[in-house]
> 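Below you'll find the structure I mean.
Below, chains carry the letters A, B, ... as their sequence lines are ordered, and counting in each starts from 1.
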2 protein chains.
Amino acid sequence: MTPRRRADTAERILDSAERLVQERGYNGFSYADVAAELGVTKASLHYHFPGKAELGEALLVRYTERFECALEAIDASTGDPAAKLAAYADLYGDVVRGRRMCLCGMLAAEVGTLPEPIRRAIVVFFDASEAWLERVLDEGRVDATLEFSGTARETARMLVGALEGAMLVARPYDDVERFDESANRLLAGLRAAS
Amino acid sequence: MTPRRRADTAERILDSAERLVQERGYNGFSYADVAAELGVTKASLHYHFPGKAELGEALLVRYTERFECALEAIDASTGDPAAKLAAYADLYGDVVRGRRMCLCGMLAAEVGTLPEPIRRAIVVFFDASEAWLERVLDEGRVDATLEFSGTARETARMLVGALEGAMLVARPYDDVERFDESANRLLAGLRAAS
DNA sequence: GTCTATACAGCGATAGAC
DNA sequence: GTCTATCGCTGTATAGAC
């Protein structure tokens, strides 16, 4: 049995790699970057994650798990559907305020260079996000606090893309305001007129 | 005087590099890739573009020029503002149908690893796009064919981000429909109720 | 304007000592 | 579990012949 004092080395590797991928992309970071940041050697990283592909997969699994936990926390709150949407958008806002891109949005851009298991894991993330949004949108339509044309699924897909894109475009401006503004526009367009 | 038979080598380099960046990203392509595709050596590329940074800048200049020409062509058409927005979205659709990402969207993701002049050129592209959209949105509000809350500028920014994001998320699914669906949702939300 | 040849740094990855 | 040492490859870039 390994005596585990927190934080686990594997976990620290994931923390470092996650930030690097979100800032620089999968093809823009290396084992050497992570090793330098953690003060260990590259060889040590290979003990925890055999190769870059496996590290990438582990990154996605953890990221998706945490995101789903955040969605559950929103569900457990007392807000109406509009408030839940605002809380959802705020999850993205947190990422932007950390000067990062969504991990999956970043990898979606680079998907042409990524191993197939990673592509599939990106799809799992977006599917989960859309399914949650679809449910909240349906709730809002039922209780008439939200209004939108088209199906809840279509609108959910539009929203995921729109928020990812708002993060993306804000990057070259290094301007958090630009993201917030777009997120507000998006949510305003869904609130019932009443 | 150099006798220029079409297509110019520099132009062919740009064509190849542009496609590679749009598919794989700036950090996901190399001079070797372009050289192989064109059947020349890497050294030959350095004659036309001293370094990768200069090649990247040239890519952005040409891309932005062409995009602005496409916007002028839409302006010259006879459509109403809603039709112009649809034509604008279709420019993005063309890129998606070519299984590419917008050059500037791709570079926006990787901006953390790019030279400063490239970052500035990305901003120029988005600024131009937003300015055009703002004008069309204002026209639509004046003639009451478009309806939206907030300012035309805010809505323009939201739209640019939303369309970029719709392209981005469609990539891991390799699904053009997903983009079209989101673009339609977005435009539907702007059309006047009348 | 394109070539051969090469420099040199960085990459992901492995073997084997400790 | 981390280290040193190293491998084979690819990356960007340059010098100089043609």
> Once you apply a heavy-atom cut-off of 4.0 Å, does A:Phe49 come out as touching a base, just sugar-phosphate, or nothing?
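Nothing, no heavy atom under 4.0 Å.
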> Would you mind listing every ring pair (Phe, Tyr, Trp, His ring centres under 6.0 Å) that reaches into residues 101-154 of chain B, with sequence neighbours excluded?
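Of all non-adjacent pairs touching residues 101-154 of chain B, those that pass ring pair (Phe, Tyr, Trp, His ring centres under 6.0 Å) are B:Tyr63-B:Phe125, B:Phe67-B:Phe125, B:Tyr88-B:Trp132.
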> Output all residues satisfying side chain to side chain donor-acceptor pair (under 3.5 Å) with B:Asp15, sequence neighbours left out; order by chain, then residue number.
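With neighbours one apart ignored, the set is B:Arg62.
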> Look at A:Asp94 together with A:Arg97 and state whether they make a salt bridge at an N to O cut-off of under 4.0 Å.
yes
> Closer than 4.0 Å, any side-chain N/O of A:Thr41 to the OP1 or OP2 of D:dC3?
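Answer is yes, contact under 4.0 Å.
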> To the nearest angstrom, how far is A:Leu45 atom CG from D:dG1 atom P?
14 Å
> Quick check on contacts: within residues 17-26 of chain A, what sits under 4.0 Å from DNA chain D by heavy-atom distance?
none
> Do B:Leu85 and B:Leu133 come close enough that some side-chain heavy atom pair is under 4.5 Å?
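Yes - at least one pair of side-chain heavy atoms lies under 4.5 Å apart.
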> How many Å lie between CG on A:Leu55 and C1' on C:dC11, as a whole number?
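So the two atoms are 15 Å apart, to the nearest Å.
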> Report all interatomic pairs (protein N or O, nucleotide N or O of nucleotides 8-10 of chain C) with separations under 3.5 Å.
none

> Does any pair with a residue in residues 152-187 of chain A pass ring pair (Phe, Tyr, Trp, His ring centres under 6.0 Å), and if so which ones, sequence neighbours excluded?
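For residues 152-187 of chain A, and leaving out neighbouring residues, there are no ring pair (Phe, Tyr, Trp, His ring centres under 6.0 Å) pairs at all.
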> Which residues pass the side chain to side chain donor-acceptor pair (under 3.5 Å) test with A:Asp174, sequence neighbours left out?
A:Arg99
> Just the rounded figure in Å: distance from C1' of D:dG11 to CZ of B:Phe29.
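The distance from CZ of B:Phe29 to C1' of D:dG11 comes to 12 Å, rounded to the nearest Å.
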> Considering only nitrogen or oxygen atoms on both sides, find all protein atoms under 3.5 Å from nucleotides 13-18 of chain C and state each distance.
residue: C:dA13; atom: OP2; partner: A:Lys52; partner atom: N; Å: 2.9
residue: C:dA13; atom: N7; partner: A:His46; partner atom: NE2; Å: 3.3

> List in chain and number order the residues that pass ring pair (Phe, Tyr, Trp, His ring centres under 6.0 Å) with B:His46, two or more places apart in sequence or in another chain; answer none if no residue qualifies.
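With sequence neighbours excluded, B:His46 shows a ring pair (Phe, Tyr, Trp, His ring centres under 6.0 Å) to B:Tyr31, given in chain and number order.
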> Using the test side chain to side chain donor-acceptor pair (under 3.5 Å), find all partners of B:Ser149 that sit at least two apart in sequence or belong to another chain.
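With neighbours one apart ignored, the set is A:Arg185.
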> Figure out the CG/P separation between B:Asn27 and D:dT10, and round it to whole Å.
18 Å
> Check the phosphate of D:dG1 against A:Thr9, side-chain N and O only, distance under 4.0 Å to OP1 or OP2. Yes or no?
no
> Are OP1 or OP2 of C:dT2 and a side-chain N or O of B:Tyr47 less than 4.0 angstrom apart?
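So the side chain of B:Tyr47 is outside the cut-off, no N or O lying under 4.0 Å from OP1 or OP2 of C:dT2.
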> Return the set of residues passing salt bridge (Lys or Arg N to Asp or Glu O under 4.0 Å) with B:Arg153 (not counting sequence neighbours), or none when no residue passes.
B:Glu134
> Would you please name every residue forming a side chain to side chain donor-acceptor pair (under 3.5 Å) with B:Ser44, sequence neighbours left out?
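Side chain to side chain donor-acceptor pair (under 3.5 Å) check on B:Ser44 returns nothing, list empty.
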> Please list all pairs meeting side-chain hydrogen bond (donor to acceptor under 3.5 Å, both in side chains) that have one or both residues in residues 155-168 of chain A, counting only residues at least two apart or in different chains.
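Non-adjacent pairs meeting side-chain hydrogen bond (donor to acceptor under 3.5 Å, both in side chains): A:Glu130-A:Arg157.
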